[in-house]
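Protein chains get the first letters and strands the later ones, always in sequence-line order, with residue 1 at the start of each.
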Number of protein chains: 2
Amino acid sequence: MSSSAEKYDVFQAVADPTRRKVLQLLAGGELPISAITSHFPMSRTAIAKHLHILSEAELVSGRKVGREKRFRLQPEPLNELKEWLSFYDRFWDNKLSILKHVVENPVKVKE
Amino acid sequence: MSSSAEKYDVFQAVADPTRRKVLQLLAGGELPISAITSHFPMSRTAIAKHLHILSEAELVSGRKVGREKRFRLQPEPLNELKEWLSFYDRFWDNKLSILKHVVENPVKVKE
DNA sequence: ATTATATAAAACCATTTGGTTTCATGTCAA
DNA sequence: TTGACATGAAACCAAATGGTTTTATATAAT
């Protein structure tokens, strides 16, 4: 779905440490730009640009609420990364460790 | 192990489409620079630079054989990416699909 | 009505990135 | 030993990246 040729793909979006930290913050819930900015040593404008890039990659979405714009995490595109990675699984037997992870983390079935 | 503060981390290394294609090529086995270059519409020098970046991220290693330098895939650092991704698993119930993958792909135990 | 808040948009800037061309060096083959 | 092959290294370049400051606009609060 969504549009044609975006400028930033998931790989690029996630390459920047600031953007990764933004995603992590948003994992805790929806936040307006100012609140996000307060966690970083840079200007609101800089953070707004990062959010724009994350938006293009569809890793976040923003909605206007009053005078603020609240952003939230949209993790779906990370699946592309996951699938890319899975190709390399066979090259260093780590399937056991994946299994271990799954077993140790209870699966919550969508009810 | 290896050294201190590398310039390129896995996230950056993997952000470039050319470098991802290089990794894919090397998944097929060790190759010298010229052989790799033949798959791309750019100069040998450009590819050598990409290989250097992949080297810094420890995603490839090169050994000198006669007059050529052969590179091979070192997928271990991809684990960092995988772990980073796993944090976001909880945000869109896909654990079942991981389990499915593990079950469907027989685990080869290192003998 | 006025002021403070929250964002948007534009112009600007230094550094990094991804490529090039050129030149030098080591190795293999005839 | 002469030439072809494979790479290394350096200088250069345009465009992209990650930041800034400034100016404008909409909303909320007093």
Side-chain angles (χ1 to χ4, degrees), chain A residues 4-26 28-73 77, chain B residues 3 5-26 28-73 77:
Chain A
S4 44
E6 282 122 4
K7 193 178 174 191
Y8 288 90
D9 62 14
V10 176
F11 291 91
Q12 287 176 265
V14 140
D16 183 89
T18 299
R19 287 195 289 271
R20 288 199 298 277
K21 205 177 156 195
V22 168
L23 292 180
Q24 187 185 313
L25 267 175
L26 293 180
E30 205 177 45
L31 285 177
I33 301 185
S34 300
I36 299 173
T37 302
S38 72
H39 293 269
F40 296 88
M42 66 187 73
S43 70
R44 178 193 52 79
T45 312
I47 295 298
K49 284 187 183 179
H50 283 303
L51 284 167
H52 186 250
I53 289 171
L54 290 169
S55 261
E56 280 192 5
E58 299 184 73
L59 282 165
V60 305
S61 65
R63 55 187 257 260
K64 205 85 181 290
V65 174
R67 59 183 160 184
E68 52 188 29
K69 186 160 183 186
R70 300 189 188 155
F71 283 86
R72 69 165 153 203
L73 181 65
Chain B
S3 58
E6 279 121 5
K7 193 176 172 191
Y8 288 91
D9 63 14
V10 176
F11 290 91
Q12 288 176 263
V14 141
D16 183 89
T18 299
R19 287 195 289 269
R20 288 199 297 277
K21 205 177 157 196
V22 168
L23 291 180
Q24 187 185 314
L25 268 174
L26 293 181
E30 205 177 45
L31 285 177
I33 299 184
S34 300
I36 299 173
T37 302
S38 72
H39 294 269
F40 296 89
M42 67 187 72
S43 70
R44 177 196 51 83
T45 313
I47 295 297
K49 283 187 184 178
H50 282 304
L51 285 167
H52 185 250
I53 289 170
L54 290 170
S55 261
E56 279 193 4
E58 299 185 74
L59 282 165
V60 305
S61 64
R63 54 185 258 261
K64 205 84 182 288
V65 175
R67 58 183 160 184
E68 53 188 30
K69 185 159 183 185
R70 299 190 188 155
F71 282 86
R72 69 164 150 201
L73 182 65

Partners of [X] by side-chain contact (heavy atoms from CB on, under 4.5 Å), sequence neighbours excluded?
| X | result |
| --- | --- |
| B:Ala15 | A:Ala15 |
| A:Ser61 | A:Arg72, A:Gln74 |
| B:Thr45 | B:Ser43 |

Interatomic distance where [atom1] belongs to [X] and [atom2] belongs to [N] [whole Å]:
| X | N | atom1 | atom2 | result |
| --- | --- | --- | --- | --- |
| A:Arg19 | D:dA16 | CZ | C1' | 12 Å |
| A:His50 | D:dT17 | NE2 | C1' | 9 Å |
| A:Leu51 | D:dT17 | CG | P | 17 Å |
| A:His52 | D:dG18 | NE2 | C1' | 15 Å |

Fill in: Distance (rounded to the nearest 0.5 Å) between A:Ile47 CD1 and A:Thr18 OG1
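Reported value, rounded in 0.5 Å steps: 6.5 Å.
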Item to complete: Supply the atom-to-atom distance B:Leu25 CG to B:Phe40 CZ, rounded to the nearest 0.5 angstrom.
Response: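 Reported to 0.5 Å precision, the distance equals 5.0 Å.
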Discussion item. Using a 4.0 Å heavy-atom cut-off, does B:Tyr8 contact any base of the nucleic acid, only the sugar-phosphate backbone, or nothing at all?
Written reply: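 Here B:Tyr8 touches the backbone only, sparing every base.
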Practice prompt. Sugar-phosphate atoms are those with a prime plus P, OP1 and OP2; base atoms are the rest. Using that split, label each nucleotide of nucleotides 2-11 of chain D B, S or - for protein heavy atoms under 4.0 Å, 5' to 3'.
Written response: --BBSBBBBB
Discussion item. Restricting to salt bridge (charged side-chain N to carboxylate O under 4.0 Å, His left out), what partner residues turn up for A:Arg20, sequence neighbours left out?
Written reply: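 So A:Arg20 forms a salt bridge (charged side-chain N to carboxylate O under 4.0 Å, His left out) with B:Asp9.
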If you look only at distance, which donor and acceptor atoms sit under 3.5 Å apart when one is on a side chain in residues 49-56 of chain A and the other is two or more places apart or in another chain?
{"from": "A:His50", "atom 1": "ND1", "to": "A:Arg19", "atom 2": "NH1", "distance (Å)": "3.1"}
{"from": "A:Glu56", "atom 1": "OE1", "to": "A:Tyr8", "atom 2": "N", "distance (Å)": "3.4"}

Give the table of side-chain donor-acceptor pairs shorter than 3.5 Å for residues 30-39 of chain B, with sequence neighbours excluded, one pair per line with atom names and distance.
{"from": "B:Glu30", "atom 1": "OE1", "to": "B:Arg63", "atom 2": "NH1", "distance (Å)": "2.6"}
{"from": "B:Glu30", "atom 1": "OE2", "to": "B:Arg63", "atom 2": "NH1", "distance (Å)": "2.6"}
{"from": "B:Thr37", "atom 1": "OG1", "to": "B:Ile33", "atom 2": "O", "distance (Å)": "2.9"}
{"from": "B:Ser38", "atom 1": "OG", "to": "B:Ala35", "atom 2": "O", "distance (Å)": "2.6"}

Practice prompt. Let me know, please, whether A:Ile53 or A:Val65 comes out on the 5' side of the other along DNA chain D by nearest nucleotide.
Written response: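 Per heavy-atom nearest nucleotide, the more 5' residue is A:Ile53.
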Worksheet item: Mind checking which nucleotides bracket the chain A contacts on DNA chain C, 5' to 3', with an atom under 4.0 Å from a heavy atom?
Response: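 Nucleotide range in contact with chain A: C:dA4 to C:dA11.
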